[in-house]
Amino acid sequence: MGKPRFAPSDIPVNLDPAISLNRQTIINYAIHPGDFRLFLTFVSMGNPHAVTFIDQPVEEFPLHNIGPLVERHPIFPKRVNFEVVNIRDDGNLDARVWERGSGETMACGTGACAIGVASRLLGHTGDRVAVHLPGGTLTIDWDGTDEVYLEGPAGRGF
Ligand SMILES: N[C@@H](CCC[C@H](N)C(=O)O)C(=O)O
């Protein structure tokens, strides 16, 4: 799936220069959509992703209310894909994806990659992780520097 990129200009995300100057990776950046406080980690897989880790089951997260606010948050000049993740254990993540321009989808390849990359960056999981999405499970391999590999079934969802 290619190499992930992290620089704010690669996402792209417009941040206070005092925060982003010389920063190659932005992790746990706080935003306040609605009444929520979210901590976002930014990953480009060729398209923009913002990943947040939450303590509650992902099914309980109000994605249809918060997703549009994150997608169109003013820090993202090209809008963003938004991933909500709950850590099941050090090899398994539960996730939902709010896709830029589409809304919630059953699965998302680049989204799963961004989730695996963000999780490894934050030390939640290692090189290989299973990302469990409403439409099925995708396995992500990333060694921390090189290409991201995605494995999983493809199917017609409609
Ligand atoms: N909504 C995305 C593009 C779609 C990603 C695709 N569904 C995938 O599986 O990676 C965007 O606007 O970047």
Side-chain angles (χ1 to χ4, degrees), residues 1-15 20 23-29 31 33-34 36 38-54 58-59 61-88 91-122 124-125 127-158:
M1 298 290 285
K3 285 188 185 184
R5 288 178 292 152
F6 305 102
S9 59
D10 286 333
I11 302 303
V13 56
N14 293 330
L15 303 176
S20 61
R23 293 276 297 278
Q24 294 309 306
T25 308
I26 307 291
I27 58 171
N28 287 331
Y29 182 83
I31 65 166
F36 269 71
L38 296 174
F39 295 96
L40 302 178
T41 295
F42 304 128
V43 179
S44 171
M45 288 304 307
N47 55 3
H49 294 271
V51 183
T52 193
F53 291 83
I54 59 171
V58 291
E59 296 76 17
F61 186 84
L63 189 58
H64 289 256
N65 298 330
I66 303 300
L69 302 179
V70 176
E71 177 187 351
R72 294 173 183 278
H73 194 283
I75 60 173
F76 301 114
K78 296 187 175 172
R79 313 211 312 264
V80 79
N81 297 287
F82 172 49
E83 288 82 21
V84 179
V85 188
N86 179 249
I87 302 163
R88 201 188 282 187
N92 293 278
L93 302 170
D94 293 312
R96 290 169 68 197
V97 181
W98 182 266
E99 278 198 39
R100 177 178 64 168
S102 301
E104 184 172 14
T105 52
M106 299 290 281
C108 176
T110 55
C113 291
I115 291 165
V117 166
S119 183
R120 190 190 186 289
L121 277 180
L122 292 165
H124 298 315
T125 49
D127 289 7
R128 187 173 173 83
V129 65
V131 179
H132 304 279
L133 295 150
T137 298
L138 296 168
T139 301
I140 306 302
D141 276 284
W142 183 54
D143 66 5
T145 50
D146 285 322
E147 309 269 330
V148 182
Y149 293 90
L150 173 150
E151 238 179 275
R156 186 179 285 268
F158 298 95

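Start at 1 and go down the list; that is how both ligands and their atoms are numbered.
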For [atom], the protein heavy atom that lies nearest, with its residue and separation:
atom                    : answer
atom 1 (N) of ligand 1  : E99 OE1, 2.8 Å
atom 11 (C) of ligand 1 : N81 ND2, 3.2 Å
atom 9 (O) of ligand 1  : G109 N, 2.8 Å
atom 12 (O) of ligand 1 : R100 NE, 2.7 Å
atom 10 (O) of ligand 1 : T110 OG1, 2.7 Å

Parallel, tilted or perpendicular, as decided by the 30° and 60° cut-offs, for the rings of [Y] and [X]:
X   : Y   : value
F61 : F36 : perpendicular
W98 : H64 : perpendicular
F42 : Y29 : tilted

Checklist entry - Are any side-chain N or O atoms of R100 and backbone N or O atoms of R72, one a donor and one an acceptor, separated by less than 3.5 Å? => result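 No: the side chain of R100 does not pair with the backbone of R72.
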Checklist entry - Under 3.5 Å, is there a donor-acceptor pair between the D10 and S44 side chains? => result no
Checklist entry - Is C108 near ligand 1, meaning one of its heavy atoms is under 4.0 Å from it? => result yes
Next on the checklist: Tell me whether A107 has any N or O atom under 3.5 angstrom from an N or O of ligand 1.
Outcome noted: no
Item to check | Pairwise side-chain contact, L133 with M106, heavy-atom cut-off 4.5 Å (strictly under) | outcome: no
Checklist outcome for this item: Checking heavy atoms under 4.0 Å, the part of N47 that sits near ligand 1 is side chain
